[in-house]
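Have a look at the structure below before the remarks.
Please read these numbers as outputs of a predicted model, since none were measured by experiment. All ligand and atom numbering here is 1-based and tracks the order in the structure.
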Amino acid sequence: MAGIYLHVPFCNSRCIYCGFCSTVSRNLRQKYIPALKREISERRDFFSSLYETDQRIKTLYIGGGTPSVLPPDTLQEAVSAIRETFKIAEEYEFTVEVNPDDIAEDYATSLRKMGVNRVSMGVQSFKDSHLKWMRRRHDSATAINAYNILRNSGFDNISLDLIFGFPLMTIKDWEENLEKIIDLNPEHISAYQMGIDPDTPLERMEKTGDFSLPSQEESEEMYTLLQKKLKEGGYIQYEVSNFCKPDRHSRHNSSYWNRTPYLGLGPGAHSFIGRHREWNTSDIATWCDSSTLQIREGETLSPEDVFNEILMLGLRTTDGVNLNTLRNCAPQSPVFLSDLLPKISAMESKGLITLTKDGTIKIPPERFFISDGIIRELFVC
Ligand code: SF4
């Protein structure tokens with residue numbers, strides 16, 4: 001089993017908090033498909049080291065940026081190039097990220113015709129004042145309308161994103177946002193705590209004293225409310241930031257956490273296979289203009305890196321990570337485990353980690369808010 005991620009690095013405007021690889025410049029849009037075709041052709045054998053059946057693409061995810069700023073014909077050209085080159089499984093999850101203000105009936109119909117069976121839409125908040133401050137292009141009514149259009153077009157697997165943890169948002173606002181999203185009843189919800197990424201307007205505002213994040217206590221209160229409300233609404237938490245209706249988890253994102261091989265196409269996209277990671281340049285013009293051989297860097301993960309990565313990715317999920325998986329991941333694992341096991345015991349006694357009878361370690365969901373700190377403490381070196 002394998003996956004493909006395609007990065008579309010274009011947006012019509014930039015949001016205040018966004019550190020993603022994207023540009024509002026329109027000059028490069030016409031260079032995107034030729035450059036993508038070059039990259040696809042060069043990467044056609046990316047999965048060839050896998051067994052034949054494992055080479056089939058089970059998940060295709062088009063993200064950005066804003067894929068929905070591309071006209072359907074252009075998106076279709078990208079998808080066709082991928083389908084012509086890689087072995088696509090008969091049943092596969094095909095997700096496209098969209099912005100609410102790009103969604104009209106004909107656009108939704110085009111996505112359906114393209115074979116898209118899952119849509120992920122960035123709503124972020126149902127409060128217009130929040131959206132305006134974030135410099136999002138849509139308002140709440142547009143988001144709800146777009147959701148209804150997608151639903152009426154036949155999409156039965158819709159994911160909506162929300163953001164919490166910024167000063168404008170009160171706990172009451174957040175509660176209302178959660179009630180609104182539960183009312184809409186999407187199959188999947190991702191909720192992210194706002195952070196300050198480098199080279200963003202938010203970072204500049206922080207430097208001039210015009211912005212600061214709320215206290216950890218305030219953000220934790222919001223996170224706890226998120227877990228409580230979504231549980232009451234029938235959603236299952238399966239990862240720190242991700243919730244879904246039964247069997248509606250994101251297969252693509254889950255494959256990252258399971259370390260399934262994936263190929264990333266487009267500027268800034270990452271790829272992973274075996275113990276090897278690669279990443280394309282985030283310089284969009286360079287990616288569009290260069291022969292792709294010049295645009296990629298990579299690294300082979302050390303045994304410690306593999307061990308720590310399995311630990312980190314597993315502990316962010318509610319499934320946790322089994323000690324046998326860690327034991328078998330590298331020849332040096334017994335040494336790493338002898339470092340890890342005392343830390344697990346110490347954390348277990350503080351209620352930060354649970355160890356099940358079958359040897360699975362998990363972070364209890366009520367501790368997910370501080371999971372980054374817990375995981376850092378457990379890393380072996
Ligand atoms: S639409 Fe998405 S990718 Fe584009 S600027 Fe906003 S957050 Fe970033």
Side-chain angles (χ1 to χ4, degrees), residues 5-29 32 36 61-71 74-75 78 95-104 107 111 116 118-140 142-147 150 158-166 168-169 177 181 186 188-206 211 213 241-242 250 252-253 264-270 279-285 287-288:
Y5 172 77
L6 171 61
H7 191 76
V8 178
F10 306 115
C11 291
N12 283 340
S13 59
R14 292 284 297 171
C15 305
I16 197 167
Y17 52 83
C18 180
F20 296 145
C21 168
S22 84
T23 177
V24 294
S25 160
R26 289 174 178 258
N27 299 341
L28 295 170
R29 291 191 189 181
Y32 180 72
L36 176 64
Y61 193 105
I62 304 184
T66 312
S68 55
V69 300
L70 293 182
T74 309
L75 214 48
T95 306
V96 174
E97 286 180 358
V98 300
N99 263 14
D101 48 325
D102 295 322
I103 298 302
Y107 191 85
L111 292 181
V116 177
R118 185 172 183 273
V119 174
S120 174
M121 185 163 73
V123 172
Q124 317 311 4
S125 175
F126 292 101
K127 305 279 170 193
D128 289 345
S129 56
H130 298 169
L131 294 166
K132 203 168 168 201
W133 174 76
M134 290 178 196
R135 301 187 197 155
R136 299 291 308 193
R137 284 181 294 130
H138 66 274
D139 58 17
S140 172
T142 307
I144 293 167
N145 188 40
Y147 176 83
L150 290 168
I158 301 176
S159 178
L160 301 181
D161 287 1
L162 291 178
I163 296 179
F164 68 96
F166 50 94
L168 214 60
M169 175 180 267
N177 272 349
I181 205 165
H188 189 278
I189 297 171
S190 299
Y192 300 103
Q193 185 184 0
M194 182 166 276
I196 302 178
D197 281 354
D199 298 324
T200 57
L202 215 51
E203 188 198 44
R204 291 189 279 281
M205 285 162 65
E206 191 197 31
F211 173 79
L213 289 170
S241 305
N242 288 285
S250 162
H252 186 81
N253 288 345
L265 301 166
H270 287 230
W279 51 94
N280 288 348
T281 177
S282 300
D283 185 319
I284 300 164
W287 181 86
C288 284

Enumerated ligand 1 atoms positioned under 4.0 Å from heavy atoms of Gly65: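 In order of number, 3 (S).
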Looking at Tyr17, which atoms of ligand 1 are within less than 4.0 Å of one of its heavy atoms?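 Answer, ordered by atom number: 7 (S).
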Between Asn177 and Ser125, is there a side-chain donor-acceptor contact under 3.5 Å, judged purely by atom types and distance?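 Yes, because at least one side-chain N or O of Ser125 sits under 3.5 Å from a partner of the opposite role on Asn177.
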Any side-chain donor-acceptor pair under 3.5 Å between Thr142 and Asp139?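 Asp139 and Thr142 do have a side-chain donor-acceptor pair below 3.5 Å.
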Would you check if Ser250 and Arg118 make a side-chain contact, meaning some heavy-atom pair closer than 4.5 Å?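 SC-SC contact between Ser250 and Arg118 confirmed.
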With a 4.5 Å limit on heavy-atom distance, are the side chains of Phe211 and Ile196 in contact?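 A side-chain contact under 4.5 Å exists here.
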Partners of Tyr17 by ring-ring contact (aromatic ring centres under 6.0 Å, His included), sequence neighbours excluded?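 Per chain and number, Tyr17 pairs via ring-ring contact (aromatic ring centres under 6.0 Å, His included) with no residue.
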Which of the protein's N, O or S atoms come within less than 2.8 Å of atom 6 (Fe) of ligand 1, not counting waters?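 Within the sphere that stays under 2.8 Å of atom 6 (Fe) of ligand 1, the protein atoms of type N, O or S are Cys15 SG.
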Hey, would you say the His130 and Phe166 ring centroids sit under 6.0 Å apart?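 Yes, the ring centres sit under 6.0 Å apart.
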Heavy-atom count check: over 12 atoms from other residues, nucleotides or ligands less than 6.0 Å from Tyr192 OH?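 Counting neighbours around OH of Tyr192, more than 12 heavy atoms of other residues, nucleotides or ligands fall under 6.0 Å, so yes.
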